[in-house]
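To start, the structure under review is shown below, and the notes come after it.
None of these values were measured; they are calculated from a predicted model.
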Amino acid sequence: MEVRSAGEALFMACQMERRAIQMYERAQLLFSDGPCSREIGKILQDEREHLSRFEQMGGRAEGFAARQLLSARASRTLFSGGLMEAHRKGAFNSPENLYGYAAQQEAEAIQCYGEFAQKFTGDVAEAFAAIATEEEGHHARLCALLENQKDSEES
């Protein structure tokens, strides 16, 4: 489905963040005694803050069918394999793996939001550029945490 309006794009952005939150909430429950429990909580908090800001921008789509199709597209864009795919990739085996996995997901979100910023004009383009910039900051922080984790393991 082609995203045709700013409202649809904002709705999809919110759905992507909701998917991230759901995945990290489930991970927190399943891996509460694992090596990444604290890190999962921090990433979850960041994702909740993103959703809150995106919802304030008014992410709504018209019509039930449009919402369903956009939700399906969002599920293929970010965390496409859900919790089980993350687990299969070893995301919860160590903080280093978790940061690497989360950084990759953020990179995909940055690309999606950047495309939305280029597709629209005016306030909407500015909003998506701001969202992409915020995600870039989150990505950079995850990459720094990943590097710190690697450095501490080498020491």
Hey, can you pull the donor-acceptor pairs under 3.5 Å for the side chains in residues 138-145, sequence neighbours left out?
from, atom 1, to, atom 2, distance (Å)
His138, ND1, Glu106, OE2, 2.9
His138, NE2, Asp46, OD2, 3.0
His139, NE2, Ala103, O, 3.4
Arg141, NH2, Asp46, OD1, 2.9
Arg141, NH2, Asp46, OD2, 2.1

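Put simply, OG on Ser37 and CG on Leu30 are 12.5 Å apart, with the number rounded to the nearest 0.5 Å. Taking CZ of Arg19 as the start and CG of Leu83 as the end, the distance is 10.0 Å to the nearest 0.5 Å. The distance from atom CD of Glu136 to atom CD1 of Ile131, rounded to the nearest 0.5 Å, is 12.0 Å. Between the CD atom of Glu134 and the CD atom of Glu49 there is a distance of 8.5 Å, given to the nearest 0.5 Å. Between the CD atom of Gln45 and the CD1 atom of Ile40 there is a distance of 14.5 Å, given to the nearest 0.5 Å. Note that NZ of Lys150 and OG of Ser94 are 10.5 Å apart. Values are rounded to the nearest 0.5 Å.
Between Met23 and Gln105, the closest side-chain pair of non-hydrogen atoms is not below 4.5 Å. Between Glu47 and Leu51, the closest side-chain pair of non-hydrogen atoms is not below 4.5 Å. Residues Tyr101 and Ile43 fail the side-chain proximity criterion, which asks for heavy atoms closer than 4.5 Å. Glu17 has its side chain within reach of Glu135: a pair of non-hydrogen atoms, C-beta onward, lies under 4.5 Å apart. Side-chain contact check for Cys112 versus Met16: some heavy-atom pair is nearer than 4.5 Å.
By the criterion of side-chain heavy atoms lying less than 4.5 angstrom apart, applied directly or through intervening Ile, Leu, Val, Met, Phe, Trp or Tyr residues, Leu146 is grouped together with Leu44 in one hydrophobic cluster.
Salt-bridge check for Lys119 with Glu115: failed, with every basic side-chain N at 4.0 Å or more from each acidic carboxylate O. Using a 4.0 Å cut-off between charged side-chain N and carboxylate O, Lys42 and Glu39 make no salt bridge. Ionic pairing of Arg18 and Glu25 is not present here: no N-O contact between side-chain nitrogen and carboxylate oxygen is shorter than 4.0 angstrom.
Taking all atoms of both residues into account, the shortest heavy-atom contact from Phe120 to Ala125 is O-CB, 3.2 Å. Here the closest heavy-atom approach between residue Cys36 and residue Leu98 is recorded as CB-CD2, 3.9 Å.
Partners of Phe31 under the ring-ring contact (aromatic ring centres under 6.0 Å, His included) rule, at least two apart in sequence or in another chain, are His87, Phe92. Partners of Phe128 according to the ring-ring contact (aromatic ring centres under 6.0 Å, His included) rule, which considers only residues two or more places apart in sequence or in another chain, are Phe116.
Enclosure of atom CZ in Arg48 by more than 12 non-hydrogen atoms of other residues, nucleotides or ligands within 6.0 angstrom is indicated.
Under a 3.5 Å cut-off, the side chain of Thr133 and the backbone N or O of Ala129 do form a donor-acceptor pair.
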